[in-house]
Colleague: 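The structure's right below; bear with me while I get my questions together.
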Amino acid sequence: MSDPFDLDDDIPNPFQPAPRRAEPAPVPADAVWLVGLNPEQTEAVTTTEGPVLVLSGAGTGKTRVLTSRLAQILAGRRAQPWQILSVTFTNRAAREMKERVGHLVGPAAESLWLGTFHSLCVRILRRHAEAVGLKSNFTILDSDDQLRLLKQVMEGEHIDTKKWPAQALMGAIQRWKDRGLTPDKIGPDLAGDLAGGRAQVLYRHYQERLLTLNAADFGDLLLHCLTLFLSHPDALAQYQDQFRYILVDEYQDTNVAQYLWLRLLAQKHKNICCVGDDDQSIYSWRGAEVGNILKFERDFPGAKVVRLESNYRSTPHILAAASGLIANNADRLGKTLRPGIRHDPSEVEKVRVRGVWDGPEEARVVIEEIEALQRKGCSAATIAILVRAGFQTREFEERLITTGIPYRVIGGPRFYERQEIRDAMAYLRLVNSPDDGLAFERIVNLPKRGLGDAALQAVHAVARARAFPLFEAARLLVETDELKPKPRGALTKFCADVLRWRGLLDDLPHTELAEMILDESGYVEMWKNDKSAEAPGRVENLKELVRALADYENLQSFLEHVALVMENDQKDGVDKVTIMTLHGAKGLEFDNVFLPGWEEGVFPHQRAMDEGGNAGLEEERRLAYVGLTRARKRVLVTFAANRRIYNQWQSALPSRFLDELPAADIDRDAERGLIGSWQQSSRPKQPAAWAAPLRDQAGDFEAGDRVFHQKFGGGVVLAVDGDKLEIEFDQAGIKKVLDSFVEPA
DNA sequence: GGGTCCCCGTTTTTT
DNA sequence: ACGGGGACCC
């Protein structure tokens, strides 16, 4: 990938050499954070000076290395806490690291610059907002707002959003931001024929609208920071000077913008330690560049590379299975996981693979296994079902409900992304900052107040004409007689309400004010009167929102927090089976892992291969690797011969990943001849010798043949595609079926 | 301005 | 099958 910025020129540094600091102090070798580290870990922790790349395989103790390293730097008095920048991707990781460092070094942990890329960027941008055209109290938009805003921009440019979906352009803009590309960097080559070839203009207008609204989207947080650094060398120099030590977690997930950000900040002291695993790079589709990790040594000459390969999590069979699988990928930095702990031989099981007839049977089998585990004394919390895609969760949930096993599904709409929460938040935002035009639009007619398109258009017209925020414009508009009496009255009342609530900001505790707003606006009432099944849950969620407010000092800090930390407060600690996607499982571990749906098209996912080609397939394989390495003790991989997708039965082929698991570490449960079908139908690069007789036995079919199928009964072959037959069944209609499941009739 | 019908899409997801 | 969103009509 070409570099959007040329960083080869030295950026002038108006600050003179770093202020004097206390002499580094020797750290005793028996410091608590060094005890029990293996030699590689010790090297990663104690090599504090200069660039270090830590290639840490799954389960090799990277969080321990990161936290120990922080302790080492602090204890060695090499820097003050605020001179250390420690970056993670998720709030979860940031929280965990803060907690663990806190245990090692005490309150000093509080002063570290430790957080997600985005939260750290916000921290910097609030100080320098003017430099990028924002005010320091800028708001951060969620994806909903972003899309609505872009749609408006597109409509303003008379783009047919039916032909050119805003969603697609939004995606492109996000990818550009991921790569640090501002609108002026988007040439025709990049823009393509997106949005009728006008993508660059639309991107520019979108950015202008954001500035007018004093708002930034998530991508902007990085992008604006880069702009700040490049246009204000003094500001950059200040941060370069300040951050003597930089630590980066999950480096394989960094996008180009984050990479540039790090490279700029590390340029002075060059004490940057990146920890990552190229084999666990599973986010290329949202801009992550594995290339960043691959070229670290080029970017930081003289970098020390440490490989962590001792795995303290999984049994040897699981490690071998995962290693065998991932070995099928080209372009790896190359690591070999080896067991770092002794496993009780009586407890070590091979990875099990089992074929089943269809989705429901798969759920039944998995849940039976779960019950067996529970009988053996495993608690539900040690069990996870990791799926490729969200739609796979349903069958497991149904089965778990009927058997009464407690479970939780991680993922799905997050609390702060729910409609009712966003609406309520819009009320709070508008009261907190009346220029929040997006918030105004969202709720001005919610609950319905008889303000439709016409009224909103009128407000927009005034806003444009006077360059006022929407709320101000509305206040002006109701003074005129432009609106019909009914909407005019409604809008007058709405404006008066907002002003009244605003007047109470300082006088009323913010939780009470929020309650008052949700009540007096009629918003809660709206859901209470709603007959739909979800309505009561929504009312509950609104109550929960008010409760959450109580944890913050005021409305402002709450809104700030929510924008950045959009997460589910999953009530943990309860003994439940976890169902989540493979993506969601990265970084977690479980004693018992179920990996269902290993079928061609599902996993590897068809779209990943269609759109990503071989690179897409390799990323799917890394995902499989992530899945296997989540397990400490037991793995059961399943695949179904038939699956209903979009309510259509389709025959499925076992995933090619199954063929890639080393036989010596796998138990293949033979069941109903399904394994036969797997072996027979697996797509060997060249047909296996033993496959032929099986195929002959099954018989070759051709169109017109009369056949019989165990489940669907009699039918006639319509078409043959390799080992797949299209059959019109007498009772069941037209279906695609593997030839091994039918016999000549 | 609000209700109804039809058409489209339907991997992964953090911040 | 199903839900969301847009177009269309009252």
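Each chain gets a letter, A, B and so on, in the order the sequences are listed, and its residues count up from 1.
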Colleague: On the 0 to 90° scale, with breaks at 30° and 60°, tag the A:F558-A:Y416 ring pair as parallel, tilted or perpendicular.
Modeller: perpendicular

Colleague: Return the value, rounded to whole Å, for the distance between atom CZ of A:F218 and atom C1' of B:dT13.
Modeller: 12 Å

Colleague: At less than 4.0 Å, is any side-chain N or O atom of A:N91 found next to OP1 or OP2 of B:dT14? Yes or no.
Modeller: no

Colleague: Donor-acceptor pair, distance only, cut-off 3.5 Å: does the side chain of A:E99 make one with the backbone of A:E96?
Modeller: no

Colleague: So does A:R643 pair up with A:E362, basic N to acidic O under 4.0 Å?
Modeller: yes

Colleague: With nearest nucleotide decided by heavy atoms, which residue, A:L582 or A:N445, maps closer to the 5′ end of DNA chain B?
Modeller: A:N445

Colleague: Which whole-number value in Å describes the distance from A:R449 CZ to B:dG1 C1'?
Modeller: 15 Å

Colleague: Quick check, does A:F89 stack with B:dT14? I mean ring centres under 5.5 Å and planes off by under 30°.
Modeller: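 The ring of A:F89 is not stacked on B:dT14.
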
Colleague: Taking the basic N atoms (NZ, or NE/NH1/NH2) and the acidic carboxylate oxygens, is any pair closer than 4.0 Å for A:D358 and A:R644?
Modeller: no

Colleague: Expressed in angstrom and rounded to an integer, what is the separation of A:I282 atom CD1 from B:dT14 atom P?
Modeller: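 About 11 Å, once rounded to whole Å.
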
Colleague: C1' atom, C:dC2 versus B:dT13: distance in rounded Å?
Modeller: 23 Å

Colleague: Figure out the CG/P separation between A:L147 and B:dT15, and round it to whole Å.
Modeller: 20 Å

Colleague: Could you tell me whether A:G219 contacts a base, only the sugar-phosphate backbone, or nothing, with contacts defined as non-hydrogen atoms closer than 4.0 Å?
Modeller: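 It contacts nothing in the nucleic acid.
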
Colleague: To the side chain of A:R388, which of B:dT10, C:dG6, B:dT12 is closest?
Modeller: B:dT12

Colleague: Check whether any side-chain N or O of A:Y646 sits under 4.0 Å from OP1 or OP2 of B:dT11, and answer yes or no.
Modeller: yes

Colleague: With sugar-phosphate meaning primed atoms plus P, OP1 and OP2, does A:D453 contact a base, only sugar-phosphate, or nothing at under 4.0 Å between heavy atoms?
Modeller: sugar-phosphate

Colleague: Send over the distance from A:E620 CD to B:dT11 C1', rounded to a whole Å.
Modeller: 8 Å

Colleague: 5'-most contact on DNA chain B: A:E611 or A:K448, nearest heavy atom basis?
Modeller: A:K448

Colleague: Between atom CZ in A:R175 and atom P in B:dT12, what is the gap in whole Å?
Modeller: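 So the CZ-P distance, A:R175 to B:dT12, works out to 15 Å.
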
Colleague: Can you find a side chain N or O atom of A:R286 that sits less than 4.0 Å from OP1 or OP2 on B:dT13?
Modeller: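 For B:dT13, neither OP1 nor OP2 has a side-chain N or O of A:R286 closer than 4.0 Å.
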
Colleague: Write down the distance between CD (A:Q457) and P (B:dG1), rounded to a whole number of angstrom.
Modeller: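 Taking CD of A:Q457 and P of B:dG1, I get 10 Å after rounding.
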
Colleague: I'd like to check A:F590 versus A:T578 (side-chain heavy atoms, cut-off strictly below 4.5 Å). Are they in contact?
Modeller: yes

Colleague: Nearest whole Å is fine: how far is B:dT10 P from A:Q648 CD?
Modeller: 16 Å

Colleague: Does A:T581 place a side-chain N or O at less than 4.0 Å from the phosphate oxygens OP1/OP2 of B:dT13?
Modeller: yes

Colleague: Has A:K151 got a side-chain N or O lying under 4.0 Å from the OP1 or OP2 atom of C:dG6?
Modeller: yes

Colleague: The side chain of A:T90 is closest to which nucleotide in this list: B:dT13, B:dT14, B:dT11?
Modeller: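 From the listed options, B:dT14 comes nearest.
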
Colleague: Hey, is CG on A:D331 packed in by over 12 heavy atoms from elsewhere, all under 6.0 Å?
Modeller: no

Colleague: Using a 5.5 Å cut-off between ring centres and planes within 30 degrees, is A:H605 stacked on the base of B:dT11?
Modeller: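 Yes; by the centre-distance and plane-angle rule, A:H605 counts as stacking on B:dT11.
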
Colleague: In terms of side-chain heavy atoms of A:K162, which of B:dT12, B:dT15, C:dA7 is nearest?
Modeller: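 Nearest listed nucleotide: C:dA7.
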
